[in-house]
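In what follows, chains carry the letters A, B, and so on, assigned in the order in which the sequence lines appear, proteins first and then strands, with residues in each chain numbered from 1.
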Amino acid sequence: MSADEPLLEVRDLKTQFFTAEGTVRAVDGVSFTVEEGEIVGIVGESGAGKSVAASSILRLVEDPGEIVGGEVRFKGETLVGFEEGPDGELRERDEMLSNGEMRGRIRGREIAIIFQDPMESLNPVFTVGGQLQEFIEINRDLGGEEAEQEAIDMLREVGIPEPEARYDDYPHQFSGGMRQRVLIAMALACEPSLIIADEPTTALDVTVEGQILDLVEDLQAKYETSFIWVTHDMGVVAEICDRVNVMYLGEVIEQAEVKDLFYDTKHPYTGALLDSIPRPDETVEELNPIEGVMPEAINPPSGCRFHPRCPHAREVCIEVHPENRVVDGDGTPHRGACLRHEETFMAGYWGSDPLGNETQGETDPELTTDGGGSDE
Amino acid sequence: MATSDTQSDEMLSSDRGEGGVEEEEIESRVGLSYTLLQIQRDPTALVGLAIITVMTFIAVVAYLDAVVFDYLANYSFFANLGVEQYWFANTVWTHPENDPADVRALLPPAWTENAFGAGTWDHPLGTDHRGRDILVRLFYGTRIAIQVGFISTAIGMVFGTLIGAVAGYYGGWIDDALMRGAETLYAIPFLVLVIAFMAAFGRDLTYAMVGVGITTIPVFSRLIRSRVVSVREEDYIEAARAAGVRDRNIILRHVIPNSFAPVLVQATLQIGVSILIVAGLSFLGYGVQPPKPSWGQMLSNSRGYMLPDPWFSVWPGIAILITVVGFNLLGDGLRDALDPRVNN
């Protein structure tokens, strides 16, 4: 692994679900990287493909889903890799790790997952300590006694009071926040280089969520573990992430440092997401939700996938599908997939007729000036 | 105002009630102790448990006397002590297999009389067609019944659970292959299957138990598979997979324990059924060979004397009835105790 290679590199990852209604392109050509010690966010509405992208990294996608293309490289090893065979079909590359290697070397040991629902992610018939110990024994080659001691230490580390006593408790004897702490302990206990957190605080109330976020930040600083933080909550993103990928219908449509994303939004969808965060000075009527619902990923809209809901959509958006490209190269690259960045895409956006979606949603003046400004 | 107060009170109390139910629900998922507590509260289950305990105790004593003592008699140390088969029965009472010296066949129970004479308290339940005491033979028949019930059910439960869990966990062609195989077994009338099995291997009791065990495999595999199919979708299974746990350990440690409650209930009920089946086999001449006492064989022997001496056939029938009812009562109690939806 060369020095400048990122810890995790996902390139053009495609995961599809073959259902009776048709092929669902849950993840459709997603690329992003995770550097060491970094927290990378994946944001989007329900159904954007965030969780599928996360589980594709560990090859945990189950029937009828299948990873059909792209590449995932982790520490110089190929977790997912496809190449074109002599018959023109995509096939798995030889250096791709076998299922046994994935299980033995990667899952838990190198990359751990924290799941969304702490109430359901612990086995109800085993003690909390027993489960933690099982995972440690598997992934760190420790004996029973050592693993137990390590498990108790980990429970203390994540802020469980009296860990020796709670070790023999069953999951139902823990509150939601405590269980999420246990899950974090499980993920951290195996000392992985990367933890994928799949909406870990969604099921928790806001005060507990705050505590968990603080805990993760502390532990992250201490263990220098990288995180992929999957969420739909822009507030959490602002709180915790270093870099953010915004997903819409299986594609990453904007990719930036967290500050750039919030202060220099390049994609109308991101803008709309930020706008739709409820604020205390707004009533329900004044809320600014994104119009419409996300279309089915079986038949995504032509051109830019966001165009049916986009207040800035023009004729050209129906025809031209924007890849995400670097739209602002100052400092760290800021990638976006919107045709309004004419200097990058050259699709003739400003010469095209508006679709008239503006009436549906309120236009974000800042975004318009910004987008328009770059054109002039 | 007053009405609204009562309303809110009602709401509060109903809330509390719901909370209580929910707590029990969670408890029941965990606990042996909770299950035992539920059974203690259930008088019919307690009756079942009492019957099974008494029967098992008799069976253990009979096993010691009939099998362990027989084995120990091979060693001179024990033989010198006088240890032999049915040592205990012979000492305190009468030998269950050998014909007695003073044959008084087909005596009625102690409090009645028939053509062969009046009953005596030497043979409280009467004697059989060879003059052997019926009560002592019933006692020693208990051992066969209990042994058969537990062992054949254990065979069916272990293999059925493994097959069903593997089929349900993996799905796809593995599921199809295993479950269609199990269903093929299910499609053949099992008495025919067991008899065919014993015809191929031998008429011994061991083969009766194995044969009955095999025929019950599909019952258990279908039962647990239906649970596993939903359990495998649980997040904790996904979490275990994500942590790199082997499939074997996921099935044994995570999937089966979470799907086991209905299997336990079914096993308890199945013990009763297996006892009946093996009694039926003994009646047909398969299974325990004479002169070893077994209930089915006693029934078979009594066939010819049913009209002149009905007691002869009634006693083993009652023994079978009580035992099977005992297991069924416990099974029903277990089902209620393990099912959070049944409101106690």
Inset, instruction - Let me know which of B:T44, B:I52, B:L269, B:D42 forms a side-chain contact (heavy atoms from CB on, under 4.5 Å) with B:L330. - result: B:I52

Legend entry - Residues A:K50, A:E199: salt bridge by 4.0 Å N-O rule: yes

Inset, instruction - Could you tell me which of A:I113, A:L122, A:L58 has the largest number of non-hydrogen atom pairs under 4.5 Å with chain B? - result: A:L122

Legend entry - Neighbours of chain B found in residues 126-145 of chain A - heavy atoms under 4.5 Å: A:F126, A:E134, A:F135, A:I138, A:N139

Inset, instruction - For B:T268, check side chain to side chain donor-acceptor pair (under 3.5 Å) against everything at least two apart and list the hits. - result: none

Legend entry - Pairing of B:E238 and B:R232 as salt bridge, 4.0 angstrom limit: no

Inset, instruction - Check the angle between the aromatic planes of A:W229 and A:F227 and answer parallel, tilted or perpendicular using the 30° and 60° thresholds. - result: tilted

Legend entry - Residue-level interface, residues 244-262 of chain B with chain A, non-hydrogen cut-off under 4.5 Å: B:G244, B:V245, B:R246, B:R253, B:H254, B:P257, B:N258

Inset, instruction - State whether a side-chain donor-acceptor pair under 3.5 Å links A:S226 with A:E38. - result: no

Legend entry - B:E183 CD: over 12 foreign heavy atoms closer than 6.0 Å: yes

Inset, instruction - Flag the pair A:E162 and A:R166 as a salt bridge only when some basic side-chain nitrogen lies within less than 4.0 angstrom of an acidic carboxylate oxygen. - result: no

Inset, instruction - May I have all residue pairs that pass ring pair (Phe, Tyr, Trp, His ring centres under 6.0 Å) and include part of residues 146-182 of chain B, sequence neighbours excluded? - result: B:F150-B:F327

Inset, instruction - Please look at A:I114 and chain B and tell me whether the side chain, the backbone, both or neither of the residue comes under 4.5 angstrom of a heavy atom of that chain. - result: neither

Legend entry - Presence of salt bridge, A:R105 and A:E110, under 4.0 angstrom: no

